[in-house]
Student: 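So that we are looking at the same thing, I have put the structure below in structure tokens.
Per chain, numbering begins at 1; letters A, B, ... match sequence-line order.
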2 protein chains.
Amino acid sequence: MSSNGFKQQLFAQFARIGKAMSNGNRLELLEFIAQGERSVEELAKVAGLTVANTSQHLQQLRQSGLVTSRKEGLKVYYRISDNDVIALFSALRGVADRHLAEVTLLVQNYLTSRDTLEPVPHHELLERVRDGLVTVLDVRPEEEYVAGHVSGAINIPPGELEDHLDELDAGHEIIAYCRGPHCILAFEAVARLRQMGFNARRMEDGYPEWQASGLPTRKLQ
Amino acid sequence: MSSNGFKQQLFAQFARIGKAMSNGNRLELLEFIAQGERSVEELAKVAGLTVANTSQHLQQLRQSGLVTSRKEGLKVYYRISDNDVIALFSALRGVADRHLAEVTLLVQNYLTSRDTLEPVPHHELLERVRDGLVTVLDVRPEEEYVAGHVSGAINIPPGELEDHLDELDAGHEIIAYCRGPHCILAFEAVARLRQMGFNARRMEDGYPEWQASGLPTRKLQ
DNA sequence: AATCTATTCAAGAAATTATTTGAATACACA
DNA sequence: TGTGTATTCAAATAATTTCTTGAATAGATT
């Protein structure tokens, strides 16, 4: 009798993995962790969760064997336990893409909505910055940023986007700009950010036009 | 603003797949369905669930796109929607095998426990049959079964096991016997059944010994 | 038409999960 | 040694899930 229900016990264990992946926030955390080792604080910020809540989700991920953690000084860093977890995640993503009509719809809708393709006009941006709703991203080289930028904007030079993801808040919409209305850097940044799942748009025109309109700017040094 | 939270919505959709796989009973159903099209009743029996409960689980599996169903007459047949679902399932299983210590333990324990390797003695079997706890399986050719078998045993001739899985109850322990204590058929059947996840053991001795002990038997015709 | 059968639906109880809040821990730095 | 910081823990609440029970449906069979 000791082995009775062996099969049930086994499937209950398999279900722990499913359970770990049964929550959108946990999946989002998992995806960020998949990009490289991350601290709890970073993860909380990027997922738009409280630190305590994030910590609890991370512990579930750890208990299900999907991630491991390591303490260094004050911080605890989480990482994917193994490549097979990445494979599992992408299998899940693939099944969702192919079999859930909602996903197809959602993606189509997002990529084609007027709202996401059109640049944000200056006046609209000003309001949203005031309300703390958006992150303004300057994608020009650092020298140009230092010489003057849209007030409140952060600078991530071209090509360094992937290394500075932790400076971006997933909950916020990101508005990117560079030198002018046809500057390719902003287009590229938006495309890249969207691929990574961020909610990104381009600002109408660029820094010179902003400055010329007398809108708030800032210089370093 | 219409696309705000796009990322969250997307992950929430991915989570539906995880949710579908977050329950042991559903995973067990999924595995049976993966072996081929099955009706609700068959699935309920093999998973040891009520029909209503099984139906509800199946609907969750269907809503998450993992299975599809087709109605024929009174019956509804469920099948895996696509091969990528099988791949997902086996990725999940693999991650569980490699990262959950409990799985390793469980399997090791099961394969090596005295309880599962030793044959069931006659007197123990009698009790359990009386209590309705076990399925007794006669693995001899049909002619021999017809000529006389252990009272209450069902017959699945050698080689036909895979075609008669629906006659077996996954909740029950299955006790297999054939001609005698060294008859290889019973050993094989137990090995095969265990591979398929059933809880199977061999009966001590075989039919001739059972009969000779004056224990309850039955003839057909 | 009446009955039977396989499945689904609906409602409710018990268990589990997600999130928030505030306190506890554990390490670093002054 | 005391203060600050990152993370975890613990308790409480709201929401969700699981399973049971009994009724409803829809297609066969008599």
Student: Could you state the interatomic distance from CG (A:Asn25) to CG (A:Asn53), rounded to the nearest 0.5 Å?
Tutor: 7.0 Å

Student: Write down the distance between NZ (A:Lys71) and P (D:dA6), rounded to a whole number of angstrom.
Tutor: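 From A:Lys71 NZ to D:dA6 P: 12 Å.
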
Student: Atom CZ of B:Arg70 to atom P of C:dT7: distance rounded to whole Å?
Tutor: 12 Å

Student: Could you check how far CD of B:Gln8 sits from P of C:dT19, rounded to whole Å?
Tutor: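 So the CD-P distance, B:Gln8 to C:dT19, works out to 11 Å.
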
Student: Below 4.0 angstrom, N of the basic side chain to O of the carboxylate: do A:Arg128 and A:Glu124 qualify?
Tutor: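 Salt bridge between A:Arg128 and A:Glu124, a charged N being under 4.0 Å from a carboxylate O: yes.
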
Student: When you match A:Lys19 and A:Glu72 each to their closest nucleotide on DNA chain C, which lands nearer the 5' end?
Tutor: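 Final value for this comparison: A:Lys19.
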
Student: Please state how far atom OH in A:Tyr77 lies from atom C1' in D:dA6, giving the value in whole angstrom units.
Tutor: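 Value for this atom pair: 10 Å.
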
Student: According to salt bridge (Lys or Arg N to Asp or Glu O under 4.0 Å), does anything in residues 56-69 of chain B pair up with another residue at least two apart or in another chain? List the pairs.
Tutor: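 Not a single pair qualifies under salt bridge (Lys or Arg N to Asp or Glu O under 4.0 Å).
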
Student: Short question: side chain of A:Ser81, backbone of A:Leu66 - any donor-acceptor pair under 3.5 Å?
Tutor: yes

Student: Does any residue of residues 21-31 of chain A have a heavy atom under 4.0 Å from DNA chain C, and if so, which ones, in number order?
Tutor: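 Output list: A:Asn23, A:Asn25, A:Arg26.
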
Student: Find the distance A:Leu74:CG to C:dC27:P and express it as a whole number of Å.
Tutor: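 Value for this atom pair: 9 Å.
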
Student: Any residue in residues 49-67 of chain B with a heavy atom nearer than 4.0 angstrom to DNA chain D? Just list them by number, or reply none.
Tutor: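 B:Thr50, B:Ala52, B:Asn53, B:Gln56, B:His57, B:Gln60 - these, ordered by number, are the residues of the stretch whose heavy atoms sit under 4.0 Å from the strand.
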
Student: Do A:Phe11 and B:Glu31 touch side chain to side chain, with heavy atoms closer than 4.5 Å?
Tutor: yes

Student: Round to a whole Å and report the spacing from CZ of A:Arg38 to C1' of D:dA6.
Tutor: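 Value for this atom pair: 17 Å.
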
Student: Do B:Thr104 and B:Asp97 touch side chain to side chain, with heavy atoms closer than 4.5 Å?
Tutor: no

Student: Closest approach of A:Ile33 and A:Ile80, non-hydrogen atoms and distance?
Tutor: CG2-N, 3.5 Å

Student: OG of A:Ser39 to CG of A:Leu74: how many Å apart, nearest 0.5 Å?
Tutor: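 So the gap between those two atoms works out to 11.0 Å.
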
Student: Closer than 4.0 Å, any side-chain N/O of B:Tyr78 to the OP1 or OP2 of C:dA6?
Tutor: no

Student: Between the main-chain N or O of B:Ala20 and the side-chain N or O of B:Arg26, is there a donor-acceptor pair closer than 3.5 Å?
Tutor: yes

